[in-house]
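Proteins come first, then strands; the chains are lettered A, B, ... in the order of their sequence lines, and each starts at number 1. Reckoned from all heavy atoms, side chains included, excluding hydrogens, waters and symmetry mates.
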Amino acid sequence: MPRWMAPLAVLAATVVLLPIVATVARLDWSRLPELLTAPAALDALGLSLATAAISTCLCLMLGLPLGYALATWRSRFKPAVRALVLAPLVLPPVVGGLALLYAFGRRGLLGGALEDAGLSLAFTTAAVVVAQTFVAMPFMVLATESALGAQAGHHEALAGTLGASRSTTLWHVTLPALRPALITGTVLAFARALGEFGATLTFAGSMPGVTRTLPLEIYLQRETDADAAVALAVLLVAVAVTVVALAYRPLSARTPAGAGR
Amino acid sequence: MSLEAQVTVASRGVDARLAIDAGSTLALLGPNGSGKSTVLAAIAGTVRPDAGRVALDGLPLHDLDARRTAWTPPRRRGIALVTQGHDLFPALTVLDNVAFGVRARGVRRADARDESQHWLARAGLGDLAERLPRDLSGGQARRVAIVRALASQPRVLLLDEPFAGVDVEAATALRLLVAEAAADVTTVITTHDALDAHLLASEVAVLETGRVVEQGVTAEVLTRPRTRFAAAVAGRVLVAGRAAPGALVTADGLRVPADSSGVPDGSEAVVAVAPAAVGMTARTPDSSEPTALTSRAPAGRAVDTGKAGDGVVHDVVAALEPRGDVVRVRGRLLAADVAVADLAVGVGDAVRFTVPQGLVAYRP
């Protein structure tokens, strides 16, 4: 790295770190135990962890096949389809929430049909999961697609010539090779789901214990008890940073097949 | 298993036909870019050709020429392919890679591991069992890939340039392994090296820009090539002319002493000359030399080539090709391999080639 880039790197780190440090500095340590164990706080934390965990599983189950399909699909429409599928990355979360309402809300595209089937999504915990899955899915899709990359299909084709079925090939060849990417995608998806605010508020509302996740609780507390908001914010940051620190490895650190030859 | 294949892939200019007897080994010989890999991939079914037919023991694996096209997916063909790329599954150990080939036959996990251990030991790779592919050298990885292919007990084994990009020592171990593998199963090996074809294959098919220009018994095709291209691949120079008693006479009137008893006098004939057997001396084009035919070189410079008495050819150096310890001095008609230390000519210099004894003229 050229020397002149060093100050820029430091500046970048400062931009990210300073607000976090400022938040921690604002903490009222004496009230911390009391604030963190308040029933509303515990409810919100529990709901956040549970919904984020379920959304992450959904992202893994659905985003992996989608990423795989995008990596192997040969079509001139692929860039357009990819851009649309990854739209939640660039969409303001509130817009995402509105879109979800128009699709699954009571008067939405599928809302009527869901209602008839006895399912009402909007303003339920399930809606929180849907909102989080919506915003977090692109991370899984991107991770899978980029990990498969240009090599997509070579090993699978060879596994075929050895006589292996497609499922055997998926479980024993493709998924083990994708493991680092899947971990990365899972961690990023979980962190994104945990921090989800806009889409959740728009699509699922803010009902205590049902749809009021930790980010919503922080936003509401800020109006009445700033100290409580800060305490919860630091908790959220701590959980997210811990998960990322433990599990996240940059994709580029993957050793490509047969490197070192 | 006898194999017949007709492969057409328009986008890569491939339109090749070949056939192999059960249990024998065919070398698909051609320079890089001649379409060898594409032919193998089509036989294995990893590439879908535009047209053609591949049949094992007469039963079609695919038939894209029939009115109702038939296509067998690679996993049901029993044809194992080893490519030039990174074939080993990167997340699996060497043992698990081989075991994958064994388990694909339906062997249970524990038995598959035992059997894979045996396969590796047989190939002298037992020490590598627990390594990951990224910790292997190129030659080791290639050997493991071949062992894995064998462990799947294919009906046909396809090896794409098994010795390419591997250092000399590793290539020796690989050749032993390939020779052993090819002894047990119908095998197609692609190579650009005539020596490998000689050592490993009973039959050879020469591929020129996607087309098989000659196929036959290896010794026959490589020592008596019928096309200029096959001769070049086999490392020989083809001299064409007409048969005369005890010689071949070129269009320029040059007499090359050769046994022409197999060809009627006056009909078209060729001799294949191995440059290693051709002698060469430098020549100053002076008046004491017998008068040589003079022709215009493409460059527009007057050069003299051709007749200078039986078995001696006056020529002009057109190119010098380094080949290990020797340099192939290529003239317009002939070529000779000269030891690097003895090389005293450059491009454009006049030389005298001495044709070896015992050449045989045959029909082109």
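Scanning both residues, His86(B) and His155(A), for their nearest heavy atoms gives O-NE2, 2.8 Å. Considering all non-hydrogen atoms of both residues, His154(A) and Thr83(B) come closest at CE1-OG1, 3.5 Å. Closest approach of Leu81(B) to Leu158(A), counting heavy atoms only: O-CD2, 3.4 Å.
The CZ atom of Phe100(B) sits 4.5 Å away from atom OG1 of Thr169(A), with the distance rounded to the nearest 0.5 Å. Note that the OG1 atom of Thr161(A) and the CG atom of Asp87(B) stand 8.0 Å from one another [nearest 0.5 Å]. With values rounded to the nearest 0.5 angstrom, Leu162(A) atom CG is found 13.5 Å from Arg103(B) atom CZ.
Annotation: residues 43-63 of chain B contacts chain A through Ala44(B), Thr46(B) [non-hydrogen atoms, separation under 4.5 Å]. Within residues 149-175 of chain B, the residues having any heavy atom under 4.5 Å from a heavy atom of chain A are, by residue number, Ala149(B), Ser152(B).
For the options Ser165(A), Pro176(A), Ala164(A), heavy-atom pairs under 4.5 Å to chain B are most numerous at Ala164(A). Ranked by heavy-atom pairs under 4.5 Å with chain A, the list Ala91(B), Pro73(B), Gly106(B) is led by Ala91(B).
Within a 6.0 Å sphere centred on CH2 of Trp73(A), heavy atoms belonging to other residues, nucleotides or ligands number more than 12. Under a cut-off of 6.0 angstrom, the local environment of CZ in Arg17(B) is sparse, with at most 12 non-hydrogen atoms contributed by other residues, nucleotides or ligands.
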